Amino acid sequence: MPDTFKAILISRDEEKKQSVAVTELTDADLMEGDVTVAVEATTVNYKDGLAITGKAPVVRRFPLVPGIDFAGTVIQSVHPDWKEGDKVILNGWGVGETHYGAYAGHARVNGDWLVPLPESMTAHQAMAVGTAGYTAMLCILALERHGITPTRGPVVVTGAAGGVGSVAVSILSRLGYHVVASTGRAAEETYLRDLGAAEIIARDELSGPAKPLNKERWAGGIDAVGSHTLANVLSMTSYGGAVAACGLAQGMDLPASVAPFILRGVSLLGIDSVMAPKPIRIEAWRRIASDLDHAKLAALSTTVGFDGIVQAAHDIVEGRVRGRIVVDME
Ligand code: NDP
């Protein structure tokens, strides 16, 4: 009998009604790929929450093992870059959307999608960062490329108590930025200050309809929220500043005007983690390993086991999760 491992499987019936079950799979059940990885840690990202609850069409083939990111050890490889025993990370590339994902004991993927686990990090730590944290780093790299240094002025982070936001606040403050954290959860003020936020503003200040231009408040922004919030962030960005947009927690729309772009030379920087090319991924993980304080990483993450994934997925779409959720697969 081949070895089996636990997996979460999302299926759909003839009426397109989605169901989620825990099942046992073997390596023969996995999809094509040239590297098989024993998954040691994964996470529950907002997108995983949408996939499991079915609230948005993240899953695009059925049945599917969800889970968009993992860290683990290679157990089989015919890919020239990887051999048995290598420690690896995977983020995105359609894993957990069109390709069997992380919520299983083993994952078989294309070796080109993998990056090495930084030597100073464990699989658990890498997944405390996860796709949300790696996306936060992509945002920071984009701001840096645009010349937004700490001396240029404050940087606002929206959805600050969420996964992207928490990692962004921690890293930006460690790099010396004056971080303005926007949150809808006043109770998380101490948490955000401990991560390094210098100022806390209420989500309501940014969530209503935006004026074309408003008082200049920050040199840069990392926006995980979209919609009116992003429009307000842009309208309050100072001359020559830039905003990295990566999320849609408030909405996918952008009810903004061109005024910040044409009158203040503000730039809107789009951030995609899923198809980001490999060199930028390696750079992002290198910078995470060097720039993220491990004590803060521990403070912003909570750990669940495999059996806690489905509940955590519901919690994250209901806005009940603070920081990051790590799943230890043991
Ligand atoms: P979380 O759910 O952990 O964080 C989102 C945060 O947004 C919440 O914690 C909350 O922060 C805030 N928020 C929630 N609902 C609203 C609302 N209606 N209006 C205003 N603010 C709201 O998710 P993640 O951090 O994992 O992801 C954040 C976003 O980034 C998601 O939209 C996700 O899909 C996207 N994303 C995009 C990626 C990419 O490649 N572009 C990669 C990873 C994530 P608070 O309580 O502090 O107000």
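Just so it is clear, the model here is predicted, and its values are computed rather than measured. Counting convention: from 1, in listed order, for ligands and their atoms alike.
Close approach to Gly247 involves these atoms of ligand 1, each under 4.0 Å from a residue heavy atom: 29 (C), 30 (O), 32 (O), 35 (C). For ligand 1, the atoms lying closer than 4.0 Å to a non-hydrogen atom of Ala161 are 47 (O). The distance from ligand 1 to the heavy atoms of Ala132 drops below 4.0 Å at these ligand atoms: 26 (O). Per-residue contacts place Gln250 under 4.0 angstrom from the following atoms of ligand 1 (heavy atoms of the residue considered): 17 (C), 18 (N), 19 (N). Atoms of ligand 1 lying under 4.0 Å from at least one heavy atom of Val225, given by number and element, are 20 (C), 21 (N).
The shortest N or O to N or O distance between Leu248 and ligand 1 is below 3.5 Å. Below 3.5 Å of separation, one finds an N or O of Cys246 facing an N or O of ligand 1. Residue contacts with ligand 1: Val321 is placed with no nitrogen or oxygen under 3.5 Å of a nitrogen or oxygen of the ligand (distance criterion only). An N or O contact shorter than 3.5 Å is missing between Lys47 and ligand 1 by distance. Of the N or O atoms in Arg203, one or more lie within a sub-3.5 Å distance of an N or O in ligand 1. At under 3.5 Å, not a single nitrogen or oxygen of Thr135, backbone or side chain, sits near a nitrogen or oxygen of ligand 1. Looking at ligand 1, you'll find an N or O of Gly184 within less than 3.5 Å of one of its N or O atoms. Between Gly165 and ligand 1, not a single N/O pair is under 3.5 Å apart.
Listed by first and then second residue, the ring-ring contact (aromatic ring centres under 6.0 Å, His included) pairs that reach into residues 4-55 are Phe5-His106, sequence neighbours excluded.
Between the side chain of Glu188 and the main chain of Arg322, no donor-acceptor pair closer than 3.5 Å is present. A side-chain donor-acceptor contact under 3.5 Å links Arg61 to the backbone of Pro63. For the pair Arg60 (side chain) and Thr98 (backbone), a donor-acceptor distance under 3.5 Å is absent.
For the residues Gly270, Gly323, Ser273, the heavy atom positioned nearest atom 39 (C) of ligand 1 is part of Ser273.
In the displayed structure, Gln18 atom CD is contacted under 6.0 Å by more than 12 heavy atoms of other residues, nucleotides or ligands. Annotation: Lys278, atom NZ; neighbour count of heavy atoms from other residues, nucleotides and ligands within 6.0 Å is above 12.
Nearest protein heavy-atom neighbour of atom 4 (O) of ligand 1: Gly162 CA, 3.3 Å. Counting only heavy atoms of the protein, atom 29 (C) of ligand 1 lies nearest to Ala224 O, 3.4 Å. Remark: minimum distance from atom 47 (O) of ligand 1 to any protein heavy atom is reached at Thr183 OG1, 2.6 Å. When hydrogens are left out, the protein atom nearest atom 12 (C) of ligand 1 is Gly159 CA, 3.7 Å; that is the closest non-hydrogen contact. Of all protein heavy atoms, the one lying nearest to atom 25 (O) of ligand 1 is Val164 N, 2.7 Å. Of the protein's heavy atoms, Gly163 N, 2.9 Å lies nearest to atom 3 (O) of ligand 1. Counting only heavy atoms of the protein, atom 34 (O) of ligand 1 lies nearest to Tyr46 CD2, 3.6 Å. Annotation: atom 18 (N) of ligand 1 to nearest protein heavy atom, Ala249 O, 3.7 Å.
Arg185 counts as a contact of ligand 1, since one of its heavy atoms falls under 4.0 Å from the ligand. By the 4.0 Å heavy-atom criterion, Ala160 is counted among the residues contacting ligand 1.
Contact annotation for Thr158 and ligand 1: no heavy atom of the residue comes within less than 4.0 Å of the ligand.
Heavy atoms only, all atoms of each residue included: Leu143 and Ala244 are closest at CD2-N, 4.1 Å. Of all heavy-atom pairs between Arg320 and Gln311, the closest is NH2-NE2, 4.1 Å. Here the closest heavy-atom approach between residue Ile140 and residue Ala168 is recorded as CD1-O, 4.3 Å.
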Practice item. Take Arg264 and Thr237 through the side-chain contact (heavy atoms from CB on, under 4.5 Å) test and state the conclusion after the steps. Key: CA-CA 8 Å; Arg264 288 190 183 151; Thr237 300; over 6 Å; no
Exercise for review: Show your reasoning for whether side-chain contact (heavy atoms from CB on, under 4.5 Å) applies to Ile8 and Phe306.
Suggested key: CA-CA 9 Å; Ile8 292 178; Phe306 180 87; 3.6 Å; yes
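Salt bridge status for Lys17 with Asp13: absent, with no side-chain N to carboxylate O gap under 4.0 Å. Between Asp69 and Lys47 there is no salt bridge, since no side-chain nitrogen of the basic residue lies less than 4.0 Å from a carboxylate oxygen of the acidic one. Comment: Arg287 engages Glu144 in a salt bridge, judged by a side-chain N to carboxylate O separation of less than 4.0 angstrom.
Between His99 and Trp113, the ring-plane angle classifies as perpendicular under the 30° and 60° cut-offs.
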